[in-house]
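Side chains included, hydrogens not; waters and symmetry mates left out as well; all remaining heavy atoms used.
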Amino acid sequence: MWRQLLPVGRNSASGGYRRFAWTGADADCRDWFREQARRRGLTYEVDRNGNQWAWLGDPAEGDAVVTGSHLDSVPDGGAFDGPLGVVSAFAAVDELRRRGVRPTKPLGIVNFGDEEGARFGLACVGSRLTVGALTVDQAHRLTDADGITLPQAMETAGHDPDAIGPDPVRLGRIGAFVELHVEQGRALGLTGDRVGVASAIWPHGRWRFDFRGEANHAGTTRLADRRDPMLPYAETVLAARREAEQAGGVATFGKMAVEPNGVNAVPSLVRGWLDSRACDQERLDAVVGGVERAARAYAAAHGVQLDVERESFTPVVEFDHALRDRLARILGKDAGLKVPVLGTGAGHDAGILAGRVPTAMLFVRNPTGVSHSPAESAAEDDCVAGVLALADVLEGLAAP
């Protein structure tokens, strides 16, 4: 399964992946998912929001146990973020069958659409629509860099954009959701554990900073006469690092756009996107508030206008304590081991679902901690350990 997915959407120049929502690479990933379901005799379906499902048993019976993740990527992302959870889900079902386990509850595998938000700028679109955290009107206004709207992209890919929206009936059938994911950090690498259980997802969000100045000739405009938005933007990037260090969070300007984007022109607009996360809301507010105050001071000093808009936000997500503790007991039952429980600064579909269904996460060790990069990795033995751990969890939940 892993070898079949590796070439899909891979960029030969960077070695990373460009599996963006409702593109050809995404369609190839979706075909792969459908074929895996067919090979196992699982019931396959696509919900109103484009999420894919494969079922062992009838989900209409309710109290279903669901696992899975996503197959899309960030620009030039790694091979493990998302796909490891989907591949492991199918492998875990194979393992349960090898053991002769007969689930007493419906068992589902899901591939949530557009988790990374690489194309339309909003993460977890498929799961947000499902729980109603993203309205239909908001979804219809999402646009990619080429001006293509989400409805246009979905329709081109063969999905009806008029059908999207909350799916309470489907959510009501899920008794537990467990997402396996490669760890996007080094906590397990430092402790030497192969698998861990998630405690919470840090609050996080994305903010757009628009610095508006005045376009002018780079060779003939005196420095004193310029209203150059690049200068306060550059100072704000440094301020983000400083504020994050002081508050104990993280802050990153990882994307920017410049107009008119000419080598010999003073920019008229510099637009930068801030990603910030922290272990609690107070620290996150301190980071973002500090960055915005600094940005406004820098903009004023250079005669530049600044607009700041919060484009997305997810509050702290505490995973279901009872389900989390149950996973820890299942995984530690044989050797009496204490399974590491750790928080994460990365967002996931599991975090979106957590407000509606009992949700938990398993992490597989990442030796370098590198993620959202072609260098993202996990050892084969650790991935196998993740599959076996997921199989143990599914057996404990669906065939107690």
More than 12 heavy atoms from other groups under 6.0 Å of CZ on Arg99: yes
Do any N or O atoms from the side chain of Asn366 and from the backbone of Val370 form a donor-acceptor pair under 3.5 angstrom? yes
Any side-chain donor paired with an acceptor under 3.5 Å for Glu35 and Gln4? no
Exercise: do Arg128 and Thr314 side chains pair donor with acceptor under 3.5 Å: yes
Measure from the side-chain N and O atoms of Gln281 to the backbone N and O of Pro203, and report whether any donor-acceptor pair falls under 3.5 Å. no
Knowing that exactly one of Leu5, Val8, Asn111 qualifies, which makes a side chain to side chain contact (heavy atoms under 4.5 Å, CB included) with Trp32? Leu5
Residue of the set Arg38, Arg40, Arg39 for which side chain to side chain contact (heavy atoms under 4.5 Å, CB included) holds with Leu42: Arg40
Answer yes or no: is there a side-chain heavy-atom contact under 4.5 Å between Tyr298 and Thr236? yes
Any idea how His70 and His181 line up, ring-wise: parallel (<30°), tilted (30 to 60°), or perpendicular (>60°)? tilted
Does Arg173 use its side chain to pair, donor to acceptor, with the backbone of Ala64 at less than 3.5 Å? no
Co-membership, hydrophobic cluster, residues Leu353 and Leu323, 4.5 Å side-chain: no
Looking only at heavy atoms, the pair that brings Val291 and Glu243 closest together is N-CG, 3.8 Å
Could you give me the CA-CA distance, side-chain angles and deciding distance for Arg296 and Val308, then say whether side chain to side chain contact (heavy atoms under 4.5 Å, CB included) is met? CA-CA 9 Å; Arg296 294 197 181 282; Val308 180; 3.8 Å; yes
Pair Ser268-Glu259, side-chain donor/acceptor within less than 3.5 Å: no
Should the heavy atoms of other residues, nucleotides or ligands under 6.0 Å from CD of Gln246 be counted, would the total exceed 12? yes
Worked verdict on Leu129 versus Asp167 for side chain to side chain contact (heavy atoms under 4.5 Å, CB included): CA-CA 8 Å; Leu129 282 169; Asp167 203 343; over 6 Å; no
CD1 of Ile109 to CG of Leu56: how many Å apart, nearest 0.5 Å? 8.5 Å
Does a salt bridge link Arg19 with Asp72, judged by any charged N lying under 4.0 Å from a carboxylate O? no
With no hydrogens and no angle check, is any side-chain donor or acceptor of Arg18 less than 3.5 Å from a backbone partner on Asn11? no
Flag, side chain of Arg48 to backbone of Pro166, donor-acceptor distance under 3.5 Å: yes
Between Arg194 (side chain only) and Ala385 (backbone N and O only), is there a donor and an acceptor less than 3.5 Å apart? no
Can a salt bridge be assigned to the pair Asp307 and Arg212 using a cut-off of 4.0 Å between side-chain N and carboxylate O? yes
Tell me if a side-chain donor or acceptor on Glu214 pairs with a main-chain N or O of Arg227 at a distance below 3.5 Å. no
Under a plain distance cut-off of 3.5 Å, with no hydrogens placed, do Asn51 and Thr130 share a side-chain donor-acceptor pair? yes
Smallest separation among heavy atoms of Val287 and Val250, with atom names: CG1-O, 4.5 Å
For Glu183 and Leu342, run side chain to side chain contact (heavy atoms under 4.5 Å, CB included): C-alpha distance rounded to whole Å, both residues' side-chain angles, the deciding distance at 0.1 Å, then the answer. CA-CA 10 Å; Glu183 188 194 358; Leu342 54 147; 3.5 Å; yes
Minimum-distance pair of heavy atoms, taken over all atoms of Leu331 and Val339: CB-CG2, 3.7 Å
Counting only heavy atoms from other residues, nucleotides and ligands, does the tally under 6.0 Å from CZ of Arg97 exceed 12? yes
Going from CD on Glu380 to CH2 on Trp2, what distance comes out if it is rounded to the nearest 0.5 angstrom? 11.0 Å
Is there a donor-acceptor pair closer than 3.5 Å between any side-chain N or O of Ser199 and the backbone N or O of Gly343? yes
Keeping the roles fixed (side chain from Arg310, backbone from Gly205), state whether a donor-acceptor pair exists under 3.5 Å. no
Take the angle between the ring planes of Tyr44 and Phe33 and call it parallel below 30°, perpendicular above 60°, tilted in between. tilted
State, yes or no, whether a side-chain contact exists between Glu95 and Leu388 at a heavy-atom distance under 4.5 Å. yes
From CA spacing to verdict: side chain to side chain contact (heavy atoms under 4.5 Å, CB included), Val197, Leu362: CA-CA 5 Å; Val197 176; Leu362 296 176; 4.0 Å; yes
What do you reckon, is CZ of Arg242 surrounded by more than 12 foreign heavy atoms closer than 6.0 Å? yes
In Å, rounded to the nearest 0.5 Å, how long is the span from OG of Ser73 to CD of Glu116? 7.0 Å
Just by modelled atom types, is the Gly219 backbone N or O under 3.5 Å from a matching donor or acceptor in the Thr221 side chain? no
Ionic contact status for Arg208 with Glu311, cut-off 4.0 Å: yes
What pair of heavy atoms forms the shortest contact from Phe120 to Ala153, and how long is it? CZ-CB, 3.7 Å
Note: Ala378 and Val182 closest approach over all heavy atoms is CB-CG2, 4.3 Å
Which atom of Asp162 lies closest to which atom of His140, heavy atoms considered: OD1-CE1, 4.2 Å
Looking at Trp202, is Arg283 sitting on its ring face, NZ or CZ under 6.0 Å from the six-membered ring centre and within 45 degrees of the normal? no
Any side-chain heavy atom of Ser371 within less than 4.5 Å of one from Phe80? no
Tell me whether Glu155 at atom CD has more than 12 heavy atoms from other residues, nucleotides or ligands lying less than 6.0 Å away. no
Using 30° and 60° as the class boundaries, would you call the ring planes of Tyr233 and Phe253 parallel, tilted or perpendicular? perpendicular
May I ask you to check whether over 12 heavy atoms, not counting those of Glu309, lie within 6.0 Å of atom CD? yes
